[in-house]
Every structure is written in structure tokens, then in C-alpha cells.
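In what follows, residues are counted from 1 in the order of the sequence shown.
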Amino acid sequence: MKKIFSILVAGSFLTACGSNSTNNQSETKKSEQISDNSGDTITILQTADIHGQLEVHDELFWENDEITFRRLGGMANMKTLFDMERNKNPEGTIILDGGDLIQGGAVAALSEGAAFSNIVKSMNYDFLIPGNWEVVYGKEKMINVLKAYDTPVIAANMYDDETEEFIFPPYFIKDVKGVKVGFISYNDPDIPVRQNPSFSKGIRFDQVHKNLATLVNELKDEKKVDVLFVVTHIGISKQFDLSNDPTLSKVDYILGNDTHERIREPLQGEFSKVTEPGAFASFVGKLQLVVKDGKIEYEDYELMEVDPKIYAPDQKVAAVIEEETAPYKENISRILGYTSTPMYRYFVVENPMDNFITDAARWKTGADISISNGFRFSPPLVPGKDGKAEITYEYLWNMLPVNEYVKTGKATGQQIHDWMEQEIHNVFAKNPKEKFGGWLVRFSGMTLKFDSSKPKGERVIEIKVGEEALDLKKVYTVSACRREGEPDHMLCRMPNLTETEVKEYTVHEVLEEYLNEKGTISPVRDGRAQAVDLGDNVLSQMPESGYHFH
């Protein structure tokens, strides 16, 4: 496949990043001379954030300042890519996944992840790590599903609440062509806040730095690891911030995950480099290293696209997928309605998919404002030649893989204003350690203008409810999804609401009813959320860096 490289950093960003790490001084460079089957070559293949996507699907690209779509993905197709790459370097290839695999699709949700045990086993990964959504079915089910992979799973900051022992081993070491390669893994410590608190009950998540230095020293000094990777599921901003931390002085690469970023050339921090390989089984990050005397001499990286025209489905994996999905096919194939415009969820500030979801919630509840989390999972859905695309029950699970009950409550304009300031800060905080998630909360019935460059608490320029300016003293009705385990007074991280009520219907039931009523929908980005300093097309949580999602 043709390599795709693009410059990711502006000049000022390059200056800020500083020089390469001690392990990767001037002798380390990208080399077109690297051969897949060279006796010195080590190949690392990385996937991430597959989110239950088993089949070929639409993918969105930002090219020439406009949206385009192509068909990519399919886990059976990805297995063919794996085999082709491993065959080029059979003794020197390591394949890993960076988490968020068993949530995000209908079969994943309806089987509570169990359908993926045999599928993952058939993929022949060397090891995997859990992501922030692996906890969605609860601690015991997560452990059972991941252990049934029959493949190593590692995480250095997930502990059993009762035993205080690691739930999974903290690291993975493999001897590759005489080179000892090590991987330490970290999941997002904010999981109990990002997800419904009940999901992760019984699990303790420590901050990354709690044992990072200890483990780095253990692998480098005691285990005599030559090349060391930290595999993180904490998002691009925190991953890049980590690359500039002296604790990483002995780490060669951060193999990042979580924010679905398509890094086509590693981001260079002061002490380490950072990759992130897209999402939905549509992309595979391929890192090649030549290591001599324990030092990296040459390196090369490309983000490979899982193009079904190039990679036919592996028949063994396809058969496993067919077997595991068969019990759900009839149910998930039901057509609920149609869209005449593309539905997607890749922009940081506003997306058609979430406009549809929140509009439907406000239609059902009659609330002044309906809100939803700012997610990035779900591949796009693009109308065909007839001008329509089927919205199936399966795609409903892609959009909202947690089917929660709808919850309403009342909040003052001041509460809404303060909550919105915090939500903006979660996305655009100058300090990466204060960032949270990656995408702005979505809403209907409200419009927002803000300046992300301002200090915390000063970013909101204007909020309107309907056609009227937000009245700080007025009480408004708000709807959202219930988050199981959160306090009764809280709604989508907004605290201290009054008269909260959990409805008798779920968000899926709302969308089904809405589609039955409307038949065909045509959601678009309509400007209900605007970052005046960034423009309309913000595709990354790091717009200041010069990195571009495309």
C-alpha cells in the first residue's frame, strides 16, 4: 500500500517539542532503506478504538477543506492486513490493540462483549490493553471477556478494590530477533467520572505517574529491556504532555489511543514520540525499527488504511464473525428510518448525528434544553445513489451503545452557564492534565458562542435558549440520559438540579419513536455551537499544535 505521510506540526510547535530523546539522538532517523524482512527490522502493528465495528463501513476524511467519504474497515479484512505484514517479517512482528474494542456496536452491546472473545482470539494479537469503555458491562464481565481472548491483556493502573492486586499484568516483554522489547500499559484514570460510575464499580484506577517511574526503571534496569513503549489510553493531549515528562527519558515511544486521532507521522515530544492509529478497524499504525546494540538506528512509520479493495476478508475470521453475530442478525437488521444527509461524529464542537439525537430528545420530553455527551465513536452513515441511507437498529447501537433511561430536571440559567464553562474547559484547557474526554457536550434548544482561547470561566460569549438570551435567574427544564450510579441531583455532569425524574422510556425508544414519526431525517451542522476563535471545522482537541485530523 502506498505510504501516506503528512506534516503534523507547525514551526512553532516543532520548536516547543525540542529535540529527540536520549535514546533517539541524531543517529536515529526515518529511513526509506528499512526492509520488512531485514534481519534487524522490528515491526509494530497497532490498532485502537475498534468500538465493536466488525464490518466494512463508511469513513469520513477531511481533504482539501471539505468532507469526503470512503469505505474502509472490517475486522476480517484487517486480519488479512495483519497476515500480509507478518509474512513480510514473521519473526519480527508484534501486533497490539489499544482498547475500546468490545463497546460501540449492536453485537458488542447485546452480547455484553462476549461475542468478541472468539473473534479477538482468531485475530492473533500479541497483546491488548483495556480502554475506558471496556468497563461498560461491569467488572466481572469485563474480566471474563478479556481473559477469554486467550491473549495477554495488560494494564498497570487497574486494581481489584477488594484484593488491591493488579487485575491484569502491568507489562508485556518479548524477545524479538535478540532485542528485548517491553510495553507498559495505562488506562484512563478518569473512567469513574467519564463513564457511568456503576460501570467500574469494584475497580481502582491509579494515576499514570503513581507507578510509572518504578515500572520504567524495572523494565530498563532490571529486565534489561532494549526498546521500551508505554501504551496509553488517555487521549492525545495527555499523551503528548506525557512525552514531555522527564519520566519518559528511558521510553522510546508512547503508543497512544482513546481520541481516535489519525496520526500519520509521530508527534515528537522532548523525551518520546507519540502515535495514535485512528479507529473502527479502519486503520493500522505500522512502526518499523532497526535496533543495533540496544539502540534504535532507523525508524519508519505509516498509518495504513484497511481498504477492502486491497485486503479481502480472511475467511477464518469472517466465519467466526458470522457465527458470533448470527443470533442477533434478524433483530439488528430492522430498518427504523432513513437519513437524506450524511450523519457523522468527527467534529469537536458540533455534529449532525448528535443534533438528531438531541432534537429527538427535546421533541419527546418537551424540555427547554436536551443534552448529550460529546462522543466520537460511530462510523458515519452516508446516503447512497437513491439519496437515502437506512438507519437500522444496528446503527442505533453505533450511535448510542449505552441505552440509558431519559432523565429530566430543572436548572437555573446560572447553573447552565457555569456548567457550560466547565464543559468547554474540559475540552480546551491549556493544561493537558485538566482536559477531560475530547469533544464538546451536544445540545438542542440552546445555542452557544464561545472563545476557547480565553481563561477558564471567561470563555462563554453568548448562550441563547430558543431565541432568547439565557436568563441567569430563570429556571429551565433540561433532559439527558441517566448515568447509572450518579447522584439524583446530577444530569450529564451538571450538579444540583431540582425536580429530577427518570422517565419510563430509554433514549433508544425515543429515537425509534422519532424516526417512526419523521420517516426520513436530514440532520446537518446548523451552527448551534460555535468556537469563534477556531472556525467551524475543528477536528482535533489539539488545534493549537498544528496537527490535523484527515
Going through the distances and angles, do His233 and Asp258 end up as a side chain to side chain donor-acceptor pair (under 3.5 Å)? CA-CA 5 Å; His233 196 100; Asp258 182 42; 3.3 Å; yes

Asn426/Gln422 under side chain to side chain donor-acceptor pair (under 3.5 Å): CA gap, chis, key distance, verdict: CA-CA 6 Å; Asn426 290 344; Gln422 181 60 52; 2.8 Å; yes

Begin from the C-alpha positions of Thr506 and Asn403 and carry the test side chain to side chain donor-acceptor pair (under 3.5 Å) through to its verdict. CA-CA 6 Å; Thr506 69; Asn403 185 22; 3.0 Å; yes

Yes or no on side chain to side chain donor-acceptor pair (under 3.5 Å) for Asn398 and Gln53, after CA distance, side-chain angles and deciding distance? CA-CA 8 Å; Asn398 286 356; Gln53 299 306 309; 3.2 Å; yes

Show, in sequence, the C-alpha distance, side-chain angles and deciding distance for Asp40 and Lys177, and conclude whether the salt bridge (Lys or Arg N to Asp or Glu O under 4.0 Å) test is met. CA-CA 7 Å; Asp40 298 321; Lys177 296 181 176 180; over 6 Å; no

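Note that CH2 of Trp133 and CG of Leu101 are 15.0 Å apart. Values are rounded to the nearest 0.5 Å. The distance from atom CG of Asn157 to atom OG of Ser185, rounded to the nearest 0.5 Å, is 7.0 Å. Leu96 CG to Thr151 OG1: the interatomic distance, rounded to the nearest 0.5 Å, is 12.0 Å. With values rounded to the nearest 0.5 angstrom, Ser200 atom OG is found 8.5 Å from Met158 atom CE. Separation of atoms NZ (Lys286) and CD (Glu302) is listed at 5.5 Å; rounding is to 0.5 Å. Separation of atoms CG (Asp226) and CG (Leu289) is listed at 11.5 Å; rounding is to 0.5 Å.
Looking at Arg493 and Asn373, their side chains do bring a donor and an acceptor atom within 3.5 Å of each other. A donor atom on one side chain and an acceptor atom on the other are found under 3.5 Å apart for Asn196 and Glu404. A side-chain donor from one of Gln46 and Thr275 sits under 3.5 Å from a side-chain acceptor of the other. With 3.5 Å as the limit, one finds no donor-acceptor pair spanning the side chains of Thr41 and Asn89. Counting only N and O atoms by type, the side chains of Glu59 and His57 include a donor and acceptor under 3.5 Å apart. In this model, a donor atom of one side chain and an acceptor atom of the other lie less than 3.5 Å apart for Tyr253 and Glu299. Side chains of Tyr171 and Glu218: a donor on one and an acceptor on the other come within 3.5 Å. In this model, a donor atom of one side chain and an acceptor atom of the other lie less than 3.5 Å apart for Thr259 and Glu276.
Looking only at distances, a side-chain donor or acceptor of Asp100 sits under 3.5 Å from a matching main-chain atom of Asn132. Checked by atom type and distance alone, the side chain of Ser540 never pairs as donor or acceptor with a backbone atom of His548 at under 3.5 Å. Side chain of His51 to backbone of Pro401: no donor-acceptor contact under 3.5 angstrom is found. Put simply, the side chain of Glu134 gets close to the backbone of Ile102: a donor and an acceptor are under 3.5 Å apart.
Using a cut-off of 4.0 Å between Lys/Arg side-chain N and Asp/Glu carboxylate O, Lys329 and Glu322 are scored as not salt-bridged. Using a cutoff of 4.0 Å between basic side-chain nitrogens and carboxylate oxygens, Arg71 and Asp307 are not scored as salt-bridged. Taking the charged nitrogens against the carboxylate oxygens, Lys435 and Asp190 have no contact shorter than 4.0 Å, which rules out a salt bridge. Electrostatic pairing of Lys139 and Asp161 does not count as a salt bridge here, judged by no charged N lying under 4.0 Å from a carboxylate O. Comment: Arg86 engages Asp126 in a salt bridge, judged by a side-chain N to carboxylate O separation of less than 4.0 angstrom. The pair Arg334-Glu394 fails the salt-bridge criterion, with no side-chain N (NZ, NE, NH1 or NH2) lying under 4.0 Å from an Asp/Glu carboxylate O. Salt-bridge annotation for Lys273 and Glu265: absent, with no side-chain N of the basic residue lying under 4.0 Å from a carboxylate O of the acidic one. Under 4.0 Å is where a charged nitrogen must lie from a carboxylate oxygen, and between Asp188 and Arg194 at least one such pair does.
In this structure, Val441 and Cys492 approach most closely via the heavy-atom pair CG2-SG, 4.1 Å. Heavy atoms only, all atoms of each residue included: Pro308 and Val56 are closest at CG-CG1, 3.8 Å. The heavy-atom pair separating Ser117 from Val145 by the smallest distance is OG-O, 3.0 Å. Taking each heavy atom of Phe240 and Val274 in turn, the nearest pair found is CA-CG2, 4.1 Å.
A heavy-atom distance below 4.5 Å is found between the side chains of Ile321 and Glu55. Using a 4.5 Å cut-off on side-chain heavy atoms (C-beta onward), Ser372 and Thr358 make contact. Residues Val427 and Val348 meet the side-chain proximity criterion, which asks for heavy atoms closer than 4.5 Å. Residues Tyr125 and Ile94 have side chains not in contact (no heavy-atom distance under 4.5 Å, counting atoms from C-beta outward). At a threshold of 4.5 Å between non-hydrogen side-chain atoms, the residues Tyr344 and Asp58 do not count as touching. Residues Ser243 and Phe271 form no side-chain contact, since every pair of their non-hydrogen atoms from C-beta on lies 4.5 Å or further apart. With a 4.5 Å cut-off on side-chain heavy atoms, Val181 and Ile173 do not count as touching. Inter-residue side-chain proximity for Val251 and Ile184 is flagged as unmet; no heavy-atom pair is nearer than 4.5 Å.
Residues satisfying the side chain to side chain contact (heavy atoms under 4.5 Å, CB included) test with Phe166, not counting sequence neighbours, are Tyr159, Pro170, Asn211. In this structure, the side chain to side chain contact (heavy atoms under 4.5 Å, CB included) partners of Glu324, at least two apart in sequence or on a different chain, are Ala115, Asn118, Ile119, Val320.
Partner Phe549 forms a ring-ring contact (aromatic ring centres under 6.0 Å, His included) with one of Phe347, Tyr346, Trp62 and no other, that one being Tyr346.
Checked against a 6.0 Å centroid threshold, the rings of Phe127 and Phe183 count as neighbours.
Taking the centre and axis of the six-membered ring of Phe61, the NZ or CZ atom of Arg262 falls inside the cone set by 45° and 6.0 Å.
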